[in-house]
Amino acid sequence: MYRPGHSLQWSIRITGCCLSVLCLTMSAAAVAVDIVPAIAPATKLNQVALQPELAAHLNGTPVYRLTLDVLSQMAQLEKPKTRSADILDNIINNRLLTEKTRSQFTDEELQASRRVAFEPDVVLDNQLSGYLRTVYHKDLEASISKLPGGKLDALIQKQGKLGEDELNSVFGARNRVILDYTLGTAQQAAAAQVTVMRCNFAAATSISLYDVFRRQNVQGRVEFFNRNRDFIRQQAQLYLANLYVLDWARLRFGEAALRDLRQAVAEQNSVRAIKSLHGIGTDTDSESRLLNQLAAEVKPKEVSAYFRNHKEEFKRIVSVRSRHIRLDNETQARQVAELARQGSNFANLAQQYSTAADARQGGDMGMIVHNGQLSWLEQLAYMQEPGKVSAPIRAAVAPDEKAHWEIVLVEQRNEGYQDPASEEVRYQASRALAQEKAIRQLTVLQTQLRKNARIDVNKTVLTN
């Protein structure tokens, strides 16, 4: 059986159903590593002599040089001046935080989009393979070039038939109504018996329909249910390519080093989710069990204090004085709007062209006060900048009503502040305070974790 050699890099091009040697042109953005400033300040690291394959020891557990090298190079693709010391700091912070908070959040909270997106282990495999392809692409290309024909196709012994009966046993009859593009237990077992391809490759002698199906997001699963055989085979080839990259890395760097890199990438994903659940990098409306709990604990006096200290956040439009021009023809509406923008008197244009009942009054809408429900046209006026003629906007009319276009000019806007006793102020202030408290909690936690950690760094790795 073919095994990857010890010198590799990558590029996978799919032409028809063929994998070419030159297809690792994954953009850095597609596999970018999150390198952000640590929540807690870095503590002084003990620089010691370690085995050359190790970057550090964290509480006696090794952090491998492969992990530091790969994540450093990925970060430097976007920010060339990123220091390896900063990357190591992130690896350590992520590991400590993930281990400490693992029991505090459910899988559903950390993987909110799982039902329509990819399974977490699939995301991780794709990320890991993508990083390795980007960093070691020349080595991987060299390895692939040693295969017969210089292509990964050499690993494929036989394509499965994917007959109609086989696919029906998994996905059911074609004409049935499908509401959920997932497979039940019996369907999964049936899919595992359907061979998509047989391979001359130790890491995967056979790839089943289930192997490939479970690696899809919802759009991909739809293609499977639609019996798109070309798509299924293409996805199997991509899976084989990923397996090749991971097997090559395992042989070159060792199982332990690859496992450590995989763990670091998984921790990076977890910390991104943990920060989001604490309100970092999100707006105050973001849903989180933690933020909801903290918001519910906010006292009225805290809301009042927040309102006083952040009054500008609660500014609102109290009223506007506006005019409008209504036209039944979009072309004419554009022409009239252009005349208004060029300086023609808006009220005169309304008297001359508008089809609205208030045309004789120059389209005067009066002073519009927001005391409750606004009409569509009044809402449009509230959205416009004062003194700026709007573009013609097609009115929201019923299907049986004649279409028309509105041009709006706000002549005056009066601003004030929301009622400090209102529910809207209470909600916004409590969410903002909850976010602040959550971030403080996380900062304190990570500072404490770093303070209590034993960190020994290989003094030869921090070269930049």
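- Taking 4.5 Å as the limit, every side-chain heavy atom of Leu96 sits out of range of all side-chain heavy atoms of Glu267.
- Nearest approach of Val408 to Leu380, heavy atoms of both residues: CG2-CD2, 3.7 Å.
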Query - Candidate pair Asp121 and Arg214, rule salt bridge (charged side-chain N to carboxylate O under 4.0 Å, His left out), full reasoning - result: CA-CA 10 Å; Asp121 67 307; Arg214 70 172 304 276; 3.0 Å; yes

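- Between the side chain of Thr82 and the main chain of Gln76, no donor-acceptor pair closer than 3.5 Å is present.
- Asn269 and Gln127 share a donor-acceptor pair across their side chains, judged by distance under 3.5 Å alone.
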Report task. Report the C-alpha separation of His324 and Leu377 in whole Å, then their side-chain angles, then the decisive distance to 0.1 Å, and conclude whether the side chain to side chain contact (heavy atoms under 4.5 Å, CB included) test is met. Result -> CA-CA 9 Å; His324 77 115; Leu377 183 57; 3.7 Å; yes

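- Looking only at atom types and distance, the side chain of Arg289 has no donor-acceptor partner in the side chain of Asn292 under 3.5 Å away.
- Although no hydrogens or angles enter the test, the distance criterion places a donor-acceptor pair under 3.5 Å between the side chain of Asn309 and the main chain of Ala305.
- A side chain to side chain donor-acceptor pair (under 3.5 Å) with Glu338 is found for one member of Gln335, Arg334, Gln342 and no other, namely Gln342.
- Counting heavy atoms from C-beta on, the side chains of Arg229 and Leu167 come closer than 4.5 Å.
- At distances below 3.5 Å, at least one donor-acceptor pair connects side-chain atoms of Glu401 with backbone N or O atoms of Ala398.
- The residues Asp358 and Arg323 are annotated as not salt-bridged, no charged nitrogen and carboxylate oxygen being separated by less than 4.0 angstrom.
- A side-chain donor-acceptor contact under 3.5 Å links Arg413 to the backbone of Gln384.
- Side-chain contact between Asp153 and Ile156 is present, with heavy atoms from C-beta onward closer than 4.5 Å.
- Environment of CE in Met383: sparse, with no more than 12 heavy atoms of neighbouring residues, nucleotides or ligands closer than 6.0 Å.
- Under the 6.0 Å cut-off for aromatic ring centres, Phe314 and Tyr417 do not qualify, their centroids lying 6.0 Å or more apart.
- Not one N or O on the side chain of Tyr210 forms a donor-acceptor pair closer than 3.5 Å with the backbone of Gln187.
- Gln412 contributes atom CD, which lies 11.5 Å from atom CD1 of Ile368 (distance to the nearest 0.5 angstrom).
- At a threshold of 4.0 Å, the pair Glu297-Lys437 does not count as salt-bridged, since none of the basic side-chain nitrogens sits closer than that to a carboxylate oxygen.
- Salt bridge status for Asp89 with Arg450: present, with a side-chain N to carboxylate O gap under 4.0 Å.
- In this structure, Val320 and His370 have side chains that are not in contact, with every pair of non-hydrogen atoms separated by 4.5 Å or more.
- In summary, Glu302 and Lys299 do not engage in a salt bridge, as defined by a charged side-chain N under 4.0 Å from a carboxylate O.
- Counting heavy atoms from C-beta outward, Gln351 and Leu349 have side chains that stay 4.5 Å or more apart.
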Requested in this report: Just do the salt bridge (charged side-chain N to carboxylate O under 4.0 Å, His left out) check on Glu411 and Arg321 with the steps written out, would you?
Outcome: CA-CA 6 Å; Glu411 298 177 327; Arg321 180 175 292 281; 5.4 Å; no

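- A donor-acceptor distance shorter than 3.5 angstrom exists from the side chain of Gln188 to the backbone of Leu183, with no hydrogens or angles considered.
- Here Gln441 contributes atom CD and Thr443 contributes atom OG1; the two are 10.0 Å apart, rounded to the nearest 0.5 Å.
- When side chains are defined from C-beta on, Arg233 does not count as touching Gln235, because their heavy atoms never get closer than 4.5 Å.
- With Glu378 contributing its side chain and Ser375 its backbone, the two residues share a donor-acceptor pair below 3.5 Å.
- Annotation: side chain of Val397 is in contact with side chain of His404 (closest heavy-atom distance under 4.5 Å).
- Rounding to the nearest 0.5 angstrom, the gap separating the CD atom in Gln216 from the CD1 atom in Ile232 is 9.0 Å.
- Ring geometry, Phe171 versus Phe225: the interplanar angle falls from 30° to 60°, so the pair is classed tilted.
- Between Arg215 and Glu119 there is no salt bridge, since no side-chain nitrogen of the basic residue lies less than 4.0 Å from a carboxylate oxygen of the acidic one.
- For Phe213 and Tyr181, the gap between ring centers reaches or exceeds 6.0 Å.
- Of the charged side-chain nitrogens involved, at least one lies within less than 4.0 Å of a carboxylate oxygen, so that Arg95 and Asp260 count as a salt-bridged pair.
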Query raised in the report: So Leu128 and Asn242, side chain to side chain contact (heavy atoms under 4.5 Å, CB included) or not? Walk me through it.
Result: CA-CA 9 Å; Leu128 187 57; Asn242 272 5; over 6 Å; no

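- Between Leu290 atom CG and Ser276 atom OG the span is 11.0 Å, to the nearest 0.5 Å.
- Using a 3.5 Å distance cut-off with no hydrogens or angles, the side chains of Asn126 and Ser129 do not pair a donor with an acceptor.
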Query raised in the report: Given the rule in the salt bridge (charged side-chain N to carboxylate O under 4.0 Å, His left out) test, do Glu164 and Arg174 qualify, once you have shown the distances and angles that lead to the verdict?
Result: CA-CA 10 Å; Glu164 192 68 15; Arg174 278 184 178 272; 2.8 Å; yes

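- Across every non-hydrogen atom of Val389 and Phe346, the tightest pair is CG1-CE1, 4.3 Å.
- Across all their heavy atoms, Gly220 and Phe231 have their closest contact at O-CE2, 3.7 Å.
- Remark: the backbone N or O of Leu339 is paired with a side-chain donor or acceptor of Ser344 at under 3.5 angstrom.
- For the pair Thr67 (side chain) and Leu261 (backbone), a donor-acceptor distance under 3.5 Å is present.
- With Ser422 contributing its side chain and Gln418 its backbone, the two residues share no donor-acceptor pair below 3.5 Å.
- The CZ atom of Arg431 sits 13.0 Å away from the CD atom of Glu436 when rounded to the nearest 0.5 Å.
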